[in-house]
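This is the structure I have questions about; it appears just below.
So you know, we letter chains A, B, ... as the sequences are listed, proteins then strands, and number each from 1. Just so it is clear, the model here is predicted, and its values are computed rather than measured.
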Amino acid sequence: MDHFLRVIGEMFPDAHCELNHRNPFELTIAVLLSAQCTDETVNKVTVDLFQKYQTPADYLAVPLEELQHDIRRIGLFRNKAMFIQKLCRILIDEHDGEVPEKHEQLTKLPGVGRKTANVVVSNAFGVPAIAVDTHVERVSKRLGFAKSDDSVLEVEKKLMKLIPRELWTETHHRLIFFGRYHCKAQNPQCEVCPMAELCKEGKGRMKLALNRKAK
DNA sequence: AACTCGGGGCA
DNA sequence: TGCCCAGAGTT
């Protein structure tokens, strides 16, 4: 793990999502939109979106169809537009128009699951957390930080044990970057991988992919 | 546990 | 052109 932390720190010394600088409300919306969709697409859409909508009331001031149209370049946009309006209604009615800081409150919001809540508490409210998405899950299992059949929650628990608490948030971002650009689901760059000595798959991944396909 | 949403990225 | 994906809700 020490080797991993050092190397990934060198690879991504300043790793952070572009979402970091946003306020809690915009961060929540942005992360909700990012489900099953690349950050790049979300960033393109939110440039105009956050100019048009600044407060929960702004999202409720337009018909659902208009909001759907405004985020139509994002996958699952019909669901997400609905989630956003329901979420804004709850923020206004139950949280004085603000995003709640407690993880438990966040996951009650529509469209906000464990992953989104972790990102919000860690990036908006400074609470160390590791949000396990498919990238983090894949990288963690390949590098042997978790077992291949571990659930997302089990992966999260194991990473929290392995990584010092003060490094959770930044390491999470580095894991995302590593998974996105190097340890990709398809065509990972194993030939030049600095983590090769840790990897449980490596060149065997082709065989694993083949087995998975045969099922 | 399986199914659904869905346009964009990439081979 | 077809497959996969920076999740979460529903049944």
**Request:** Could you measure between the two P atoms, the one in B/dG6 and the one in C/dT11, and give it in whole Å?
**Result:**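 16 Å, rounded to whole Å.
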**Prompt:** Tell me, do A/Ile8 and A/Met195 make a side-chain contact under 4.5 Å, heavy atoms counted?
**Reply:** yes
**Request:** Looking at every strand, decide which applies to A/Val136 at a 4.0 Å heavy-atom threshold: base, sugar-phosphate, or nothing.
**Result:** nothing
**Asked** Over how many whole Å does the gap from A/Asn118 atom CG to C/dA6 atom C1' extend?
**Response**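 Rounded to the whole Å, the gap is 14 Å.
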**Request:** Can you tell me, in whole Å, how much space there is between the P of B/dC3 and that of C/dC4?
**Result:**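 Their P atoms lie roughly 15 Å apart.
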**Request:** Round to a whole Å and report the spacing from CG of A/Asp133 to C1' of C/dA8.
**Result:**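 Computing the A/Asp133:CG to C/dA8:C1' distance gives 14 Å.
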**Item:** Nearest-angstrom distance from the residue atom CG of A/Asn187 to C1' of C/dC4
**Value:** 12 Å
**Message:** If you take any heavy atom closer than 4.0 Å to DNA chain C, which residues from residues 64-84 of chain A end up in contact?
**Reply:**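 Only A/Leu76, A/Phe83 qualify.
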**Message:** Using the ring centroid of each side chain, check whether A/Tyr59 and A/Phe25 are separated by less than 6.0 Å.
**Reply:**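 Yes; A/Phe25 has its ring centre under 6.0 Å from that of A/Tyr59.
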**Request:** Report yes if the side chains of A/Gln85 and A/Val62 come closer than 4.5 Å at any heavy-atom pair, otherwise no.
**Result:**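 Side-chain contact under 4.5 Å: yes.
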**Request:** Over 60° means perpendicular and under 30° means parallel, so classify the ring planes of A/Phe178 and A/Phe12, tilted if in between.
**Result:** perpendicular
**Prompt:** Can you check the A/Leu153 CG to C/dG7 P distance for me, whole Å?
**Reply:**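 A/Leu153 atom CG is separated from C/dG7 atom P by 17 Å.
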**Request:** Could you work out the separation of B/dG8 and C/dG9 based on their C1' atoms and round it to a whole Å?
**Result:**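 It works out to 23 Å between them.
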**Message:** Looking at A/Arg89 and A/Asp93, is there a salt bridge between them, counting it only when a charged N and a carboxylate O are closer than 4.0 Å?
**Reply:** yes
**Complete:** Contacts of A/Gly111 and A/Thr38 projected onto DNA chain C by closest heavy atom; the upstream (5') one is A/Thr38
**Message:** What is the separation between atom NE2 on A/His135 and atom C1' on C/dC5, rounded to the nearest whole Å?
**Reply:**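 Result: 8 Å.
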**Request:** Please check the phosphate of C/dG7 (OP1 and OP2 only) for any side-chain N or O of A/Gln36 closer than 4.0 Å.
**Result:** yes
**Item:** Nearest-angstrom distance from the residue atom NZ of A/Lys184 to C1' of B/dA11
**Value:** 11 Å
**Item:** A/Ser122 and A/His172, any side-chain heavy atoms less than 4.5 Å apart
**Value:** no
**Message:** Can you tell me if A/Lys44 touches the phosphate of B/dG7, counting only side-chain N or O atoms and a distance under 4.0 Å to OP1 or OP2?
**Reply:**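 No, no such contact exists.
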**Asked** Just to confirm, is there a sub-4.0 Å distance from OP1 or OP2 of C/dG7 to any side-chain nitrogen or oxygen of A/Thr134?
**Response**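 Yes, within the criterion.
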**Prompt:** What do the steps show when you test A/Ile29 against A/Phe50 for side chain to side chain contact (heavy atoms under 4.5 Å, CB included), and what is the final call?
**Reply:** CA-CA 9 Å; A/Ile29 299 293; A/Phe50 290 164; 3.9 Å; yes
**Request:** Mind calculating the distance between CG (A/Asp39) and P (C/dG7) to the nearest angstrom?
**Result:** 9 Å
**Message:** Using atom C1' in both nucleotides, what's the gap between B/dG7 and C/dT10 to the nearest angstrom?
**Reply:**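 Taking atom C1' in both B/dG7 and C/dT10, they lie 22 Å apart.
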**Request:** Output the single nucleotide from C/dA6, C/dC5, C/dG7 whose closest atom is nearest the side chain of A/Thr116.
**Result:**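 The nucleotide sitting nearest to the side chain is C/dG7.
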**Message:** Counting the atoms with a prime plus P, OP1 and OP2 as sugar-phosphate, which does A/Leu175 contact under 4.0 Å by heavy atoms, base, sugar-phosphate, or nothing?
**Reply:**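 Nothing, no heavy atom under 4.0 Å.
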**Prompt:** Does the distance from a Lys or Arg side-chain N to an Asp or Glu carboxylate O, for A/Lys52 and A/Glu66, drop under 4.0 Å?
**Reply:**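 Looking at A/Lys52 and A/Glu66, the cut-off is met.
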**Asked** Rounding to a whole Å, what distance do you find between A/Leu32:CG and C/dG9:C1'?
**Response** 12 Å
**Message:** Measuring to OP1 and OP2 of C/dC5, would you say a side-chain N or O of A/Gln186 lies under 4.0 angstrom away?
**Reply:** yes
